[in-house]
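Whatever order the structure lists them in is the order used to number ligands and atoms, beginning at 1.
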Amino acid sequence: MALKITDYRTDVHNDWCPGCGDFGILSALQMTLTEMQASPSQTAVISGIGCSGKTPHFINAYGVHTLHGRVLPFAQGVKLANPNLNVIAVGGDGDGLGIGAGHFVGAGRRNIDFPYIIFDNGVYGLTKGQASPTLHLNEQTKSLPQPNINEAINPLLLAYAAGFTFIARGYAYDLKHLKDLMKRAILHNGFALLDVLQPCPTYNDINTKEWYSGEDHLDQASQKPMPRVYKLEETGYDPVVHTDDPAEHEKKVNQLTLRALEWGDKIPIGIFYQNERTPTYTERILHRIPDYLKVPPCHQPIMNGEGAPLANVSKLIEDMQVT
Ligand code: SF4
Ligand code: MG
């Protein structure tokens with residue numbers, strides 16, 4: 001029997017603020033899982049700490065709400081132990097690009113095969129709206145006593161530098177587009193970043209829904225709002241690296257850089273870069289352990305009938321000893 005969107009919901013009370021962009025991201029993820037008919041028993045949503053960290057509680061699947069900044073180590077461990085599981089990592093910009101930035105870079109180098117969805121609102125919403133790593137220099141939201149003294153991180157460029165092979169940006173209030181991006185990120189063979197612009201109506205009074213819709217940015221002639229967010233694919237942009245030719249790669253990186261730096265009156269969303277020509281971490285492991293996918297760690301016995309561990313650590317130490 002086909003799974004319905006209600007099959008991906010839970011009855012856990014949701015205490016996100018009214019109008020929060022988190023609701024859009026949660027709905028888009030539930031729509032994506034429904035469209036893909038992803039089995040809840042084969043899906044694991046892993047989160048860090050923050051408002052967005054509560055997401056696994058609201059999705060009927062396996063889920064772990066981990067520590068601040070530790071979503072990626074945990075999600076990588078889950079995926080490595082059970083490579084057949086549909087793993088989805090979620091978390092905030094403060095969580096993933098502040099305390100978790102080292103893990104963001106480390107995981108990028110591995111090109112491990114799952115998507116990481118960042119709920120990007122420019123603030124630490126759960127702790128009263130301090131400036132997060134994606135708030136721009138000199139911006140002063142209503143929760144800050146003084147303008148932000150730090151430059152912002154560009155998650156898209158950081159992702160490329162770290163080694164992510166799918167780099168995309170969505171918008172929390174364009175559900176259908178976001179759902180399509182989530183599906184592409186899940187289907188991508190490799191590590192995928194999906195940075196989602198998400199208004200926080202409680203603490204960020206700069207990057208609001210009205211600001212993204214251009215309500216302060218009127219067309220001179222018609223006096224109609226000119227939305228800041230536009231879709232890359234509607235401009236003929238092709239993010240895919242099609243060949244191993246260095247010239248092709250250079251072209252794709254140059255266009256990624258130019259579009260990722262656009263901000264202000266024009267903000268692109270869509271897929272900026274996709275390269276499935278880089279081996280995934282699974283493929284790298286298979287070179288060393290050919291039966292890894294047949295007998296992944298999650299299917300290996302770890303103790304005997306009496307509960308004693310089966311691993312012979314003394315033998316392992318002996319084998320690895322350098323003489
Ligand atoms: Fe959403 Fe901001 Fe409220 Fe957190 S504080 S639930 S991000 S509106
Ligand atoms: Mg945040």
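- The contact set between ligand 1 and P201, taken as ligand atoms under 4.0 Å from a residue heavy atom, comprises 8 (S).
- Taking the centre and axis of the six-membered ring of Y273, the NZ or CZ atom of K252 falls outside the cone set by 45° and 6.0 Å.
- The backbone N or O of L80 lies less than 3.5 Å from a partner atom in the side chain of Y292, making a donor-acceptor pair.
- Pairs of residues two or more places apart, or lying in two chains, that qualify as side chain to side chain donor-acceptor pair (under 3.5 Å) and include a residue from residues 52-61 are D15-K54, H57-H65.
- Taking the six-membered ring for Trp and thresholds of 30 and 60 degrees, F191 and F164 have nearly parallel ring planes, at less than 30 degrees apart.
- Aromatic ring pairs are classed by plane angle as parallel below 30°, tilted from 30° to 60° and perpendicular above 60°; the pair Y212 and W263 is perpendicular.
- Note that CD1 of I206 is 6.0 Å distant from CG of L135, once rounded to the nearest 0.5 Å.
- Around atom 4 (Fe) of ligand 1, the protein N, O or S atoms closer than 2.8 Å are C51 SG, listed by chain and residue number.
- Side-chain contact, N111 with T280: no donor N or O sits under 3.5 Å from an acceptor N or O.
- Listed by chain and number, D93 OD1, N121 OD1, V123 O are the protein N/O/S atoms closer than 2.8 Å to the Mg ion (ligand 2), with waters left out.
- The side chain to side chain donor-acceptor pair (under 3.5 Å) pairs that include a residue from residues 94-103 are R70-H103, where partners are two or more places apart or lie in different chains.
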Apply salt bridge (Lys or Arg N to Asp or Glu O under 4.0 Å) to residues D238 and K251 and explain how you reach the verdict.
CA-CA 10 Å; D238 175 12; K251 185 175 142 202; over 6 Å; no
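- Set against the non-hydrogen atoms of Q198, the atoms of ligand 1 under 4.0 Å away are 7 (S).
- Both cation-pi conditions hold for K266 and Y230: the charged atom is under 6.0 angstrom from the six-membered ring centre and inside a 45 degree cone around its axis.
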